[in-house]
Structures are given as structure tokens and as C-alpha cells.
Amino acid sequence: MIDTQTIRIQQTSQSRVNTLDESNIPFGQLYSDHMFIADYKDGEWQDLRIEPYQNISVSPANSALHYGITIFEGLKAYRNPQGEIMIFRPEANAKRLNISAERMCIPEVPEALFMEALTELIKLDSSWVPSSPNTALYIRPFVFGADEYIGIRPSENFRFMIITCPVGAYYSQPVNVKIETKFSRAFDGGTGFAKAGGNYAASMYPAKLAQEKGFHQLIWTDGKTHEYIEESGTMNVMFVVDGKILTAPTSGTILKGITRDSVLTIAREWGIEVEERPIAVKEIVAAAREGRLEEAFGVGTAATIAPIAKIGYEEEILEINNPSGGEFSSKILKELNDIRTGVIEDKYGWTYKV
Ligand code: COI
């Protein structure tokens, strides 16, 4: 068990919270006053501390810079109508961080350490948690190799940090996505399921090519045949066809999204049929051509529920019946927002009050 007394706190002498304009919060550009740091040395996490948010220094031979030994998480804190702060499903993020850690030869971050660090940091920066509709405090825990060594081997020293930033919508409008059939994000046996920095680095070139053609994002397909839908890189994807929700099963190549799980749990409870199974590209193309693709949307912490307006497939643009969000995506977005902000009862035990 981690004793919070072991977290040393150095408070900023100059808060920047007055620069926060809740009516205009771009994603990921303004960081809160403090950050949490712990170092892994001699086989244990030590020197737990909260310091003013600032640049850090690493060796030019740092193992994360050279070999991408780095993993991260994303979660959000909200304000309830009483003004209290609630974090959505932090224990699930702690568990997933450690699933990523194992794959990348990174030591486990004990859940108690993760939760204490989060709690102390959010308490200290509570004034940064916005309360306007569709805003939240985005929380970014991450761990990276800290060895000064350019040989190839698992790192022996690491740093665990948490930074936070108030955010609005990641996508401010319905997104246009392209089904990617040439490049791959992940392969069986690879790191696709892990929230590892390299997965995101490798996705940027194909995404850039798609952006040059007017798409916001890609829908990745399986690395072997490109015949099956996987995920979108910034979010998992779901379709509503013939009244059913279709989504790819999380496997070794797809991130096990926490928003994804929340959406499917609620949908099942609402009595909506959910099919978690390999989704063939052909099936979605046929549904769109036949006017049966009722809704398509991405689900993720940053993206929340992001309606997909258009899907590019080869040279064709697939039309979606409800391009700016349909009945299900609008209803689930409201339900999730109401649970996260404490407007309705959280019967799932997902929210954690700071
Ligand atoms: C998240 O949703 O938290 C992510 O990590 C996605 C990233 C594109 C911001």
C-alpha cells in the first residue's frame, strides 16, 4: 500500500488557471499547474512527487527517445452538479496501463500508487476541472524508459508521470474517415492492444495521406488481409446496421477501449442487440450501398462519441443515413455524460469521487 505521505508536494507560486477560458478550450494545448512524477530505480518506484508543470530533462541517450519504450493512458475528470470532482473508471485505466507495461518490458505501476497519485494531483489542481457542457479535465498518465544506454535491451530505469489539461471536444464536427487497405496499424503478435507510443507514431504517415484527401482519420483494417475492420487509432469504431450495433472484438490488434466497454454495457442493458465479431469491410460497404448503414461513430476517452459523417472506401464515398449522429449515438452520448457528471445515478460503480 502506498502511503500518500510519501508524495512530496511542491506547489507552484504562480497559478496559470486564470488563462483557462472555458468557452474556448482547444484539445491538449493548455496544461494544468502541476504534474506527478515517480522514478523506478533499483527495482522499485520511489521519489514520489508533485511539482509545478515544467519541462523535464533526459539524457540524449534516453531509451524512450531512441526505441520508443513508452506507454500512456487517457482518462477524464468531470464536475458534478454539486461541484465535486468525479473521475471516470480510473481503475480500468490503471489495469490497462499494466497490460501495456507487460508487453513493453515496463514494470507494473501498482494500482494503489496510480490512484493515490491521481487523487493528490487532481485535488491540488481541482480549479482546473472545467464545468461547462462537453468539457473535462483530460488526464494523461505515462511511463517511459529512463536508461542512458543506446544498446538494445529492456530499460532498467523508468519514469511514471501524470499531466492534465482541460479539454473540449477532440473532434469538433462529425468526422470523415477512410478505410485503410494498404498500410497497417497492427499485426497478430504485435503491440496493437497496448497503448504504446510507437503504435501512434507509425499511424501518422498513412493518416497524413488520408488527411491530404480531406479525411480526418482512418479506419484501420487487419494487417493480414485488409478485409476486416479494426479500430480508428484515436478511437474504437461502431456501426448501427439493421438496428444492431456492430463492432470488432478486441484482440491482440485492437485497443480494449474503456469507452467502448461502457457503451456496449449500456447498450446491452437497454436491450439493443450487440454483435462483437469480425466485421468485414464488404459488409459495411454493402450496408451503406443498400441504405442500411444507419449510424457509424467512434468511441474513446478523448473522442467521446464521435459521429462519422462519411466513409471513404477505395474511390467511393459511403453515405451514412445519419451523418451527424443518429438516435443511438446521441442517446448514448447523453447517458454517458450524465453518468460521468453525476447527473444520473451511476449504477455501474464507474465514477470515482476525488
Ligand atoms: C484517448 O482517447 O485518451 C487517447 O489516448 C486518444 C488520443 C488520440 C488522444
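Just so you know, ligand 1 is whichever comes first in the structure, and atom 1 is the first atom listed for that ligand. Numbers here simply count residues along the sequence, with the first being 1.
Ligand 1 is surrounded by Phe72, Gly74, Tyr138, Arg140, Tyr170, Lys195, Thr234, Thr301, Ala302, each with at least one heavy atom closer than 4.0 Å.
A centroid separation of less than 6.0 Å is found between the aromatic rings of Phe36 and Phe160. Separation of the Phe183 and Tyr205 ring centroids falls under the 6.0 Å cut-off. Residues Phe72 and Tyr200 place their aromatic rings such that the two centres sit under 6.0 Å apart.
Of the charged side-chain nitrogens involved, none lies within less than 4.0 Å of a carboxylate oxygen, so that Glu345 and Lys347 do not count as a salt-bridged pair. Between Arg8 and Asp47 there is a salt bridge, with a side-chain nitrogen of the basic residue lying less than 4.0 Å from a carboxylate oxygen of the acidic one.
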Show me the donor-acceptor pairs, under 3.5 Å and distance only, between side chains in residues 163-174 and residues at least two apart or in other chains.
{"residue": "Thr164", "atom": "OG1", "partner": "Ser32", "partner atom": "OG", "Å": "2.6"}
{"residue": "Tyr171", "atom": "OH", "partner": "Thr234", "partner atom": "OG1", "Å": "2.8"}
{"residue": "Gln173", "atom": "NE2", "partner": "His216", "partner atom": "NE2", "Å": "3.3"}

